[in-house]
Amino acid sequence: KAGVTQTPRYLIKTRGQQVTLSCSPISGHRSVSWYQQTPGQGLQFLFEYFSETQRNKGNFPGRFSGRQFSNSRSEMNVSTLELGDSALYLCASSFLLDREGTDTQYFGPGTRLTVL
Amino acid sequence: LAKTTQPISMDSYEGQEVNITCSHNNIATNDYITWYQQFPSQGPRFIIQGYKTKVTNEVASLFIPADRKSSTLSLPRVSLSDTAVYYCLVGDIQGFQKLVFGTGTRLLVSP
């Protein structure tokens with residue numbers, strides 16, 4: 001089974017621009033979460049989508065947004081880029097069912113965004 | 001999600017067994033314990049998950065005492081390729097989609 005894929009793997013933008021990152025979850029996974037990783041702040045949760053709806057949101061400004069499509073693929077958008085947005089953006093998917101038990105998130109390789 | 005405390009770094013040599021302990025004093029009844037491994041510039045990789053006692057898979061073992069206030073990830077016979085950051089996370093199924101990562105433990109395996 002193919003893993004989580006993210007495109008592009010590397011991206012260079014300048015301040016003020018906007019960027020869209022894409023994530024394709026593992027086949028059958030319905031939940032997609034996004035994380036930002038920086039040397040200073042570590043891994044931080046951005047938001048999570050399930051069935052095209054945002055269910056959970058982290059503590060990030062409104063410049064960070066996302067969406068999920070009917071095939072569970074997800075995109076993340078960052079508008080008005082700032083230097084501090086330079087980071088590794090990670091997408092993770094999980095096969096969430098309405099049942100008791102555990103669940104596991106599987107991460108993609110990430111998109112390395114550099115803002116100049 | 002319950003807060004976790006891990007050692008910032010650990011050193012080991014090839015072939016040795018490595019045990020990384022995580023403290024989670026405020027773990028709740030419905031919480032599970034999950035460990036991830038991360039290499040530089042890559043996404044975290046799921047290692048193991050457990051609720052109580054002992055869990056073993058082809059990669060590691062997870063030991064959880066009866067009070068569940070701590071857990072120990074055991075990596076048998078480590079190799080150079082096990083050099084990575086290891087994260088301990090605690091939470092229930094509602095929190096699995098919004099993982100809270102701590103600083104992790106940076107394991108360095110030397111020849």
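Numbered from 1 within each chain, the chains take letters A, B, ... in sequence-line order.
Annotation: maximal heavy-atom pairing with chain B below 4.5 Å, among A:P109, A:G110, A:A92, occurs at A:P109. Across B:P44, B:G43, B:S41, the residue that shares the most heavy-atom pairs under 4.5 angstrom with chain A is B:P44.
With hydrogens and angles disregarded, no donor-acceptor distance shorter than 3.5 Å links the side chain of A:Y35 to the backbone of B:F101.
Looking at every heavy atom in both residues, B:Q38 comes nearest to A:L90 through NE2-CD1, 4.1 Å. B:F46 approaches A:T104 most closely through the heavy-atom pair CD1-CG2, 3.3 Å.
Looking only at side-chain heavy atoms (C-beta outward), B:Y36 and A:Q105 come within less than 4.5 Å of each other.
Looking at B:Y51, there are no atoms closer than 4.5 Å to chain A (heavy atoms on both sides), in backbone or side chain. Contact of A:Q6 with chain B is not made at all, since no heavy-atom distance falls under 4.5 Å. For A:L88, the part sitting under 4.5 Å from any heavy atom of chain B is the side chain, from C-beta outward, and nothing else.
By the neighbour-count criterion of 12 heavy atoms within 6.0 Å, atom CZ of B:F39 is densely surrounded, having more than that number from other residues, nucleotides or ligands. Around CD1 of B:I8, the count of heavy atoms belonging to other residues, nucleotides or ligands within 6.0 Å does not exceed 12. By the neighbour-count criterion of 12 heavy atoms within 6.0 Å, atom CZ of B:R106 is sparsely surrounded, having that number or fewer from other residues, nucleotides or ligands. Within 6.0 Å of atom CZ in A:R63, more than 12 heavy atoms from other residues, nucleotides or ligands are found, so the atom counts as buried in its surroundings. Applying the 6.0 Å contact sphere to CG of A:N59 captures no more than 12 heavy atoms from other residues, nucleotides or ligands. Residue B:K52 places its NZ atom among 12 or fewer non-hydrogen atoms of other residues, nucleotides or ligands, all under 6.0 Å distant.
Placement of A:V32 and A:F50 in two distinct hydrophobic clusters is found when ILVMFWY residues are connected by side-chain heavy-atom separations under 4.5 Å, directly or transitively. Clustering ILVMFWY residues whenever any of their side-chain heavy atoms sit less than 4.5 angstrom apart, transitively, puts A:Y106 in a cluster other than the one holding A:W34.
Of the inter-residue distances, the one linking A:E48 atom CD with B:L99 atom CG reads 10.0 Å to the nearest 0.5 angstrom. Remark: B:L89 CG to A:L43 CG distance equals 9.0 Å, nearest 0.5 Å.
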